[in-house]
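Note sheet for the following structure.
It should be emphasised that the depicted structure is a prediction, and the values quoted were computed from it without experimental measurement.
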Amino acid sequence: MSDMTDYRVVVVGTDGSSLADPTVARAAWLAKHDDADLVIVCAYSGLSRRAEAKNVATLGGDSRGGEVLGRTAAGDAISRAVAIAAAQGATVAAALTMEGDAAAALIETADARNAELLVLGARSDRSLAERLLGTVATEVVKRARCDVLIVRPTEPGEIPVPEDATGR
């Protein structure tokens with residue numbers, strides 16, 4: 001590509017974890033900066049209504065190993081991500097919950113929406129084999145047909161969301 005152009009569609013994945021907030025904030029800032037549409041995706045594994053209710057009650061809808069358990073937890077993660085994106089001033093074109101594999105959901109969405117950028121977070125506190133990127137990030141990097149931005153924690157644990165993400 002000889003000349004650089006702005007992104008028109010940015011897809012970001014969320015799982016409701018502590019890493020998701022700064023990941024969504026970064027994607028939203030980029031979308032606003034390029035006047036692009038932001039598409040937020042949360043993949044989840046399906047649970048029966050009873051199992052989902054128990055999961056929400058016991059885990060607070062928290063994700064385990066990047067996997068969102070149940071539609072309710074996915075809905076909560078999406079709501080939180082939409083609020084973060086709105087705070088950054090991004091135009092949220094779609095907020096999608098999709099049952100199934102996170103990497104597949106992100107790639108399918110990016111392809112379907114002709115996204116130029118896919119943004120996701122990657123944890124650093126995994127096994128040696130997953131340490132570089134993480135399983136979802138590794139799959140996305142291998143299979144995506146657009147640019148991929150990996151948002152990494154500065155240290156293991158939570159990353160603070162900058163108070164003013166427009167400052168440079």
Side-chain angles (χ1 to χ4, degrees), residues 1-44 61-63 66-68 73-98 102-126 130-168:
M1 192 181 261
S2 57
D3 61 293
M4 300 296 277
T5 58
D6 288 346
Y7 296 118
R8 290 166 302 169
V9 178
V10 176
V11 172
V12 63
T14 183
D15 64 1
S17 70
S18 60
L19 180 57
D21 291 1
T23 301
V24 171
R26 180 82 53 88
W29 185 88
L30 286 165
K32 179 175 171 42
H33 181 264
D34 280 5
D35 196 25
D37 285 341
L38 183 66
V39 177
I40 303 168
V41 179
C42 181
Y44 66 94
D62 219 356
S63 60
E67 182 181 29
V68 178
D76 292 347
I78 285 286
S79 296
R80 183 177 173 124
V82 168
I84 291 165
Q88 294 293 327
T91 301
V92 178
L96 311 169
T97 56
M98 299 172 70
L106 288 167
I107 290 162
E108 286 168 24
T109 302
D111 287 349
R113 302 253 173 186
N114 296 313
E116 294 89 8
L117 179 64
L118 212 160
V119 182
L120 67 156
R123 290 171 181 76
S124 57
D125 58 349
R126 297 289 183 134
E130 298 173 344
R131 195 171 285 162
L132 284 174
L133 291 173
T135 53
V136 173
T138 301
E139 247 342 90
V140 167
V141 167
K142 279 197 262 184
R143 295 174 43 205
R145 292 188 212 135
C146 61
D147 291 352
V148 177
L149 172 64
I150 305 294
V151 177
R152 296 291 308 232
T154 50
E155 299 172 14
E158 292 192 27
I159 320 175
V161 177
E163 285 181 34
D164 180 12
T166 59
R168 290 190 170 221

Atom pair [atom1] ([X]) and [atom2] ([Y]), whose distance is rounded to the nearest 0.5 Å:
X: I107; Y: E139; atom1: CD1; atom2: CD; value: 6.5 Å
X: L117; Y: D6; atom1: CG; atom2: CG; value: 11.5 Å
X: N114; Y: C146; atom1: CG; atom2: SG; value: 10.0 Å

Heavy atoms of other groups near R143 CZ, more than 12 under 6.0 Å: yes
Nearest non-hydrogen partners of [X] and [Y], listed with the distance:
X: E108; Y: M98; result: OE1-CE, 4.0 Å
X: C42; Y: V68; result: SG-CG2, 3.7 Å
X: T97; Y: G75; result: CG2-N, 4.1 Å
X: L106; Y: V12; result: CD2-C, 4.2 Å
X: G13; Y: T23; result: O-CG2, 4.3 Å
X: A105; Y: V41; result: CB-CG1, 4.2 Å

Measuring only between side-chain heavy atoms, which start at C-beta, is [X] closer than 4.5 Å to [Y]?
X: I40; Y: T14; answer: yes
X: V11; Y: V119; answer: no
X: V136; Y: T138; answer: no
X: V39; Y: L96; answer: yes
X: L118; Y: L149; answer: no
X: V10; Y: D37; answer: no

Ion pair D34/R8, N-O distance below 4.0 Å: no
Distance-only polar pair, side chains of Y7 and D147, donor-acceptor under 3.5 Å: yes
Exam field: side chain Q88 to backbone W29, donor-acceptor pair closer than 3.5 Å: no
